[in-house]
Asks: 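There's a structure below that I have some questions on.
Here is the naming used below: chain letters follow the sequence lines, and residue numbers restart at 1 for every chain.
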2 protein chains.
Amino acid sequence: MEPKILSAVSRSTLKRLPLYLHVLEDLHRRGVVYVSCTTIARKFDFGPILVRKDLEVTGAAGKAKIGFRVAGLIDDIKKFLGWHNVQDAFLVGAGNLGKALLGYQDFDSYGLNIVAVFDNDPRKIGTRIFNKEVLALDKLAPLVKRMHINIGIVAVSSEGAQAVVDALVAAGIRAVWNFAPAPLEIPEGVILENARLTQSLAVLTNKLKSLLAGPEKE
Amino acid sequence: MEPKILSAVSRSTLKRLPLYLHVLEDLHRRGVVYVSCTTIARKFDFGPILVRKDLEVTGAAGKAKIGFRVAGLIDDIKKFLGWHNVQDAFLVGAGNLGKALLGYQDFDSYGLNIVAVFDNDPRKIGTRIFNKEVLALDKLAPLVKRMHINIGIVAVSSEGAQAVVDALVAAGIRAVWNFAPAPLEIPEGVILENARLTQSLAVLTNKLKSLLAGPEKE
DNA sequence: GGCCTATCGATGCAATTTTATCGATAAAAC
DNA sequence: GTTTTATCGATAAAATTGCATCGATAGGCC
């Protein structure tokens with residue numbers, strides 16, 4: 001079966017695929033060759049039908065009674081997500097969050113490669129973090145053009161975030177991954193994705209609140 | 001109007017409330033007193049009706065033609081999310097990600113207060129990060145009980161994550177905020193919330209892929 | 001070789017979530 | 001004082017998402 005048109009895939013499915021990928025890679029490391037949707041679903045709190053439907057969009061094909069070949073499935077999901085072609089990215093902001101992102105080695109296997117770091121703090125410029133030199137912000141625009149960078153990662157404070165995004169867009173960036181909690185404006189045709197931690201925290205504290213308030217009900 | 005029963009609120013609504021909160025606090029800083037759902041919705045790519053419906057669950061009431069009082073609305077949302085009562089939390093993992101989380105000062109205004117850090121690396125134990133001492137992992141269980149800590153934050157690698165969660169649960173933690181990309185097992189009655197960065201990345205790279213592949217369609 | 005079981009793949013159904021519509025209300029304009 | 005306009009609040013419709021059922025297929029077992 002052919003993979004579906006990209007835009008037709010729901011955001012929910014898109015967010016579940018990386019979860020499957022992680023489980024599959026774990027199985028792969030342990031030498032498992034074939035896996036069924038039922039087995040995958042056991043790791044999560046939703047059913048095997050949903051898993052099968054999600055995997056369908058990647059174009060992966062399984063066999064009855066056996067299931068899917070683990071290695072092939074990993075490959076199909078990665079291909080679908082575009083993670084087998086590694087994209088180069090620029091990171092803006094060399095604070096704690098920026099350092100954490102630089103130190104997170106696994107991005108390579110997620111199709112992301114941070115090639116340079118930018119900051120406007122003169123004390124940071126010229127220093128090296130995880131073997132990558134911190135560059136001045138005014139170097140950003142020419143380098144984006146010369147290196148044909150598509151992805152910009154924003155790891156600055158809420159106050160500075162909009163200005164950084166504007167600079168990235170002006171330089172020709174096509175997609176922005178934003179870690180600042182502020183909602184940002186972005187022109188048509190440029191992609192903005194927010195890695196909002198506060199949203200996740202909201203869900204957590206809310207669940208906790210109801211748990212502490214009334215554990216007897218539900 | 002009374003706030004709705006907590007469990008009845010959809011996860012989608014719950015995740016949008018922090019976004020509104022951020023916009024509202026920005027307006028508050030700029031001295032704006034009243035705001036309408038239409039104005040709030042302009043900041044996002046969804047309509048004012050959805051905003052109104054979301055705000056409804058918090059119990060906030062607005063007036064026709066005027067809108068909602070900004071200060072009151074902020075208060076109502078925070079109250080609803082449980083963010084006006086700050087919860088103490090333990091952080092496990094003093095690596096780059098742990099440091100970034102410790103350095104993120106704004107958690108206070110989101111109802112979260114990290115009171116201690118734990119790690120099993122002898123070189124890190126005893127050192128101070130952002131004025132908080134790094135403690136040995138075996139100190140975790142007794143301190144959870146003594147200090148009545150409800151929230152545990154997991155900022156370790158995928159390999160160690162399950163063991164850390166098990167230890168937290170055994171110590172009596174009620175809610176876990178997980179930053180490791182691995183899917184974790186957790187017993188009934190304990191809350192698990194994943195701050196999955198890879199999901200966000202999947203959405204980004206997928207959008208980018210379709211943008212680069214065919215910008216003419218859509 | 002024939003039967004049984006587990007799993008895929010597809011279609012149809014149910015629930016949830018989002019959007020649209022309508023009347024009521026309160027401020028602003030005339 | 002009346003009309004106009006913008007917004008809230010509630011209800012109804014549409015779209016999306018998740019789930020269950022059904023036949024088909026392929027391996028295991030007797």
Asks: To the nearest Å, give me how far apart CG (B:Asp54) and P (D:dG9) are.
Replies: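 Answer to the nearest Å: 14 Å.
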Asks: What's the NZ-C1' distance between B:Lys53 and C:dT17, to the nearest Å?
Replies: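 To the nearest whole Å, that distance equals 8 Å.
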Asks: Counting only heavy atoms not in B:Lys53, do more than 12 sit closer than 6.0 Å to its NZ atom?
Replies: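 It does not: B:Lys53 NZ has 12 such atoms or fewer within range.
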Asks: To the nearest angstrom, how far is A:Lys63 atom NZ from D:dG28 atom P?
Replies: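 It works out to 12 Å between those atoms.
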Asks: Rounding to an integer number of Å, can you tell me how far B:Phe68 CZ sits from C:dA27 P?
Replies: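 Going from CZ in B:Phe68 over to P in C:dA27 covers 15 Å.
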Asks: Between B:Gly47 and A:Pro48, which is nearer to the 5' end of DNA chain C once each is assigned its nearest nucleotide?
Replies: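 Looking at DNA chain C, the more 5' nearest nucleotide goes with A:Pro48.
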Asks: Would you mind telling me which of D:dG9, C:dA27, D:dT25 lies closest to the side-chain atoms of B:Ile66?
Replies: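 Side chain of B:Ile66 sits closest to C:dA27.
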Asks: Between A:Val156 and A:Ala180, which heavy-atom pair has the shortest distance, and what is it?
Replies: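 Looks like O-CB, 3.6 Å.
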Asks: Do B:Arg16 and B:Phe46 form a cation-pi contact, if we require the NZ or CZ to be under 6.0 Å from the six-membered ring centre and within 45 degrees of the ring's axis?
Replies: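 The answer is yes, since B:Arg16 meets both limits relative to B:Phe46.
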Asks: In whole Å, what is the span from the CZ atom of A:Arg16 to the C1' atom of D:dG18?
Replies: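 Computing the A:Arg16:CZ to D:dG18:C1' distance gives 8 Å.
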Asks: Without decimals, in angstroms, what is the distance between A:Arg69 CZ and C:dT7 P?
Replies: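 Nearest whole value for this atom pair: 19 Å.
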Asks: Counting just side-chain N and O atoms, does B:Ser10 come under 4.0 Å of either OP1 or OP2 of C:dT16?
Replies: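 Checking B:Ser10 against C:dT16: no side-chain N or O falls below 4.0 Å of OP1 or OP2.
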Asks: Can you check the B:Leu50 CG to D:dA13 P distance for me, whole Å?
Replies: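 Answer to the nearest Å: 20 Å.
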Asks: By nearest atom, which of the nucleotides C:dT18, C:dA20, C:dT5 is closest to the B:Ile49 side chain?
Replies: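 The nucleotide sitting nearest to the side chain is C:dA20.
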Asks: Expressed as a whole number of angstroms, how long is the span from B:Tyr34:OH to C:dA28:P?
Replies: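 In whole Å, C:dA28 P and B:Tyr34 OH are 11 Å from each other.
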Asks: Is A:Lys65 close enough and on-axis enough to A:Tyr34, meaning under 6.0 Å and within 45°, for cation-pi?
Replies: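 That pair does not qualify as a cation-pi contact.
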Asks: Check every atom of C:dT19, C:dA27, D:dC19 against the side chain of B:Lys65 and return the nucleotide holding the closest atom.
Replies: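 Of the candidates, C:dA27 comes closest.
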Asks: Is it true that, when you exclude A:His22 itself, more than 12 heavy atoms of the residues, nucleotides or ligands shown sit nearer than 6.0 Å to its NE2?
Replies: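 More than 12 heavy atoms, drawn from other residues, nucleotides or ligands, come within 6.0 Å of this atom.
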Asks: Given that A:Thr13 and A:Arg52 both sit by DNA chain D, which one's nearest nucleotide is further toward the 5' end?
Replies: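 The residue whose closest nucleotide sits nearer the 5' end is A:Thr13.
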Asks: Please determine, for the side chain of B:Ala64, which listed nucleotide (C:dT25, C:dT17, D:dG18) has the closest atom?
Replies: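 So the nucleotide nearest the side chain must be C:dT25.
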